[in-house]
Amino acid sequence: MELKQMAPSIHILWLLSIQFLVLVNGGKIPAIIVFGDSSVDSGNNNYIPTVARSNFQPYGRDFNGRRPTGRFSNGKITTDFISEAFGLKPAIPAYLDPSYSISDFATGVTFASAATGYDNATSNVLSVIPLWKQLEYYKNYQKKLRAYLGDRKANGVISGALYLISVGTNDFLENYYAIPGRSSEYTIEEYESFLVGIAASFTEKLYELGARKISLGGLPPMGCMPLERTGNLMGGSECVDSFNNLAADFNGKLNALVIKQNKKFHGMQMVFSDPYGILMKIIQKPAVYGFEVTAVACCATGMFEMGYACSRRNPFTCSNADEFVFWDSFHPTQKTCSIIATYIVQNALAKFLSL
């Protein structure tokens, strides 16, 4: 009971800390540029032929205007809150959304695509945008930015922007463990190394294109997603430790990559942004953070639904998503995203606030 009484004041402190960071930063980061999967896709998949979409209700019901945007959330996602914390726009637009132009993208844009991964084979599963294609979009973005701002100003945005990368969960849960192919080619340790190699190549290419401030995101505790807990019948629907251990191990390898590349590339300022610890704390002690439900999600039965299975007509969908850690069986609620974003900004990204 005491824990629940503490929660509102704690959440107010988080909100105040974000507002403080906005004031302190004073616009030193000119833009937020995002690559990755559904954790950071704000609607690119709406404009490609794939079933990996969320541009329908109840998705977006707590977003500004109560409209679905293509974000896999009831409202904002983590990158929206990070953008706001840096004094930029409160929501990062999707590059393929025709309602936006280069004037909108000049201060923030996401090339992310839900259901993608480091591995091209992962993006092929649901026909989404692979990481290499996201990089091609970014190259086109640079051309448009130079035409819009002129070379000098555009180069300033490119070198001064903060680049956020969040990808990898689908490589394991949607690809390696779900379908035959990679699991017959690689042991899990070999596959991890294969993915880290792709991550290294991607960040190096970003550096060659002018990026200097890069955040390489880690994996969440994958075994605690409602979808995985639902399938863990023998384990009493608890978190799947093997998946969590895999995520932690992979994060360690990504962190080692960050250290290595910072030494290798002159002027690179790459950080490792790890959501694992903070999300695990929320799951283990939800009341401290103002949550009531962790094992199932808000949407539908909360056990296995996401995407089109998360229907607005489902009578089981919760009325208050703020009580839930997860929105659908794979993705966190807006409230969870806000807490993760605050943690990431205060820890991994804090150095960019004082540059």
Side-chain angles (χ1 to χ4, degrees), residues 34-40 78-79 82 112 116-119 121-122 131 162-178 182-183 185-207 211 213-225 228-229 232 238-265 268-285 330 332 336 339-352:
V34 186
F35 302 89
D37 56 22
S38 59
S39 61
V40 290
T78 305
T79 40
I82 292 175
T116 200
Y118 284 113
D119 187 354
T122 303
L131 211 52
L162 176 57
Y163 295 77
L164 305 177
I165 304 166
S166 178
V167 66
T169 303
N170 297 313
D171 289 305
F172 296 105
L173 299 185
E174 183 185 298
N175 186 355
Y176 189 88
Y177 286 111
R182 291 306 195 196
S183 57
E185 296 177 57
Y186 301 95
T187 64
I188 189 59
E189 292 80 9
E190 290 171 342
Y191 191 59
E192 286 183 74
S193 297
F194 171 66
L195 298 180
V196 170
I198 296 172
S201 176
F202 185 79
T203 53
E204 181 174 350
K205 288 174 182 174
L206 273 182
Y207 175 82
K213 303 177 181 71
I214 302 172
S215 165
L216 185 61
L219 302 186
M222 304 183 296
C224 290
M225 292 174 173
E228 304 310 322
R229 295 179 72 155
N232 188 24
E238 293 298 318
C239 296
V240 182
D241 289 339
S242 60
F243 284 162
N244 286 348
N245 293 337
L246 170 60
D249 185 64
F250 186 67
N251 287 348
K253 293 178 179 178
L254 289 180
N255 189 42
L257 171 64
V258 168
I259 295 170
K260 179 180 178 180
Q261 290 204 325
N262 278 330
K263 293 177 180 178
K264 182 178 180 181
F265 299 111
M268 177 181 274
Q269 301 178 72
M270 185 156 59
V271 298
F272 178 61
S273 294
D274 188 2
Y276 187 102
I278 182 61
L279 186 52
M280 185 60 84
K281 286 181 180 178
I282 293 170
I283 292 167
Q284 291 174 337
K285 295 185 177 180
F330 212 78
T336 306
I339 297 170
I340 293 172
T342 302
Y343 175 84
I344 294 296
V345 170
Q346 290 178 332
N347 292 272
L349 306 181
K351 63 180 294 183
F352 300 124

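Position 1 is the first residue of the sequence; numbering continues from there. Fair warning: this is a prediction, and the values are worked out from it, not measured in the lab.
A donor-acceptor pair under 3.5 Å is absent between the side-chain atoms of Tyr118 and the main chain of Asp171, judged by distance alone. Judged purely by atom type and a 3.5 angstrom limit, Asn232 has no side-chain atom pairing as donor or acceptor with the backbone of Glu228. Remark: side-chain polar atoms of Asp37 are not paired, donor with acceptor, to backbone N or O of Gly117 under 3.5 angstrom. Remark: the backbone N or O of Leu219 is paired with a side-chain donor or acceptor of Asn251 at under 3.5 angstrom.
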Acceptor/donor pairs from residues 196-204 side chains to any protein atom, 3.5 angstrom cut, sequence neighbours excluded:
unit_1	atom_1	unit_2	atom_2	d
Thr203	OG1	Ala199	O	3.1
Thr203	OG1	Ala200	O	3.1
Thr203	OG1	Gln261	OE1	2.5

Just list the side-chain donor-acceptor pairs under 3.5 Å for residues 243-250, sequence neighbours left out, or say none.
unit_1	atom_1	unit_2	atom_2	d
Asn244	OD1	Met222	N	3.3
Asn244	OD1	Gly223	N	2.7
Asn245	ND2	Asp241	O	3.2

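Residue Thr169 holds its OG1 atom at 12.5 Å from CG of Asn175, rounded to the nearest 0.5 Å. To the nearest 0.5 Å, atom CG of residue Asp119 and atom CG of residue Asn170 are 11.0 Å apart. To the nearest 0.5 Å, the span separating OG1 on Thr122 from CD on Glu174 amounts to 6.5 Å. Here OH of Tyr207 is found 11.0 Å from CD of Gln269. Values are rounded to the nearest 0.5 Å. To the nearest 0.5 Å, the span separating OG1 on Thr187 from CD on Glu192 amounts to 8.5 Å. Expressed to the nearest 0.5 Å, how far CD1 of Ile340 lies from CG of Leu279 amounts to 4.5 Å.
Residues Ile282 and Tyr343 form no side-chain contact, since every pair of their non-hydrogen atoms from C-beta on lies 4.5 Å or further apart. The shortest side-chain heavy-atom distance between Asn347 and Ile278 does not fall under the 4.5 Å cut-off.
Evaluation of the side-chain contact (heavy atoms from CB on, under 4.5 Å) rule for Asn255 yields Ile259, Phe272 as partners, not counting sequence neighbours.
Nearest heavy-atom pair across Ile344 and Pro275 is CD1-N, 4.3 Å. When all heavy atoms are compared, the tightest approach of Ile283 to Cys224 is CD1-CB, 3.5 Å. Nearest heavy atoms, Phe35 versus Val40: O-CG2, 3.7 Å. Among all heavy-atom pairs drawn from Ser215 and Leu164, the shortest one is CB-CD2, 3.6 Å. Between Ser273 and Leu349, the shortest heavy-atom distance links the atoms OG-CD2, 3.9 Å. Heavy atoms only, all atoms of each residue included: Gly36 and Val167 are closest at CA-CB, 4.0 Å.
Counting non-hydrogen atoms of neighbouring residues, nucleotides and ligands closer than 6.0 angstrom, the NZ atom of Lys253 exceeds 12 such neighbours.
Looking at Phe172, Phe194, Tyr176 one by one, the single match for ring-ring contact (aromatic ring centres under 6.0 Å, His included) with Tyr186 turns out to be Phe194.
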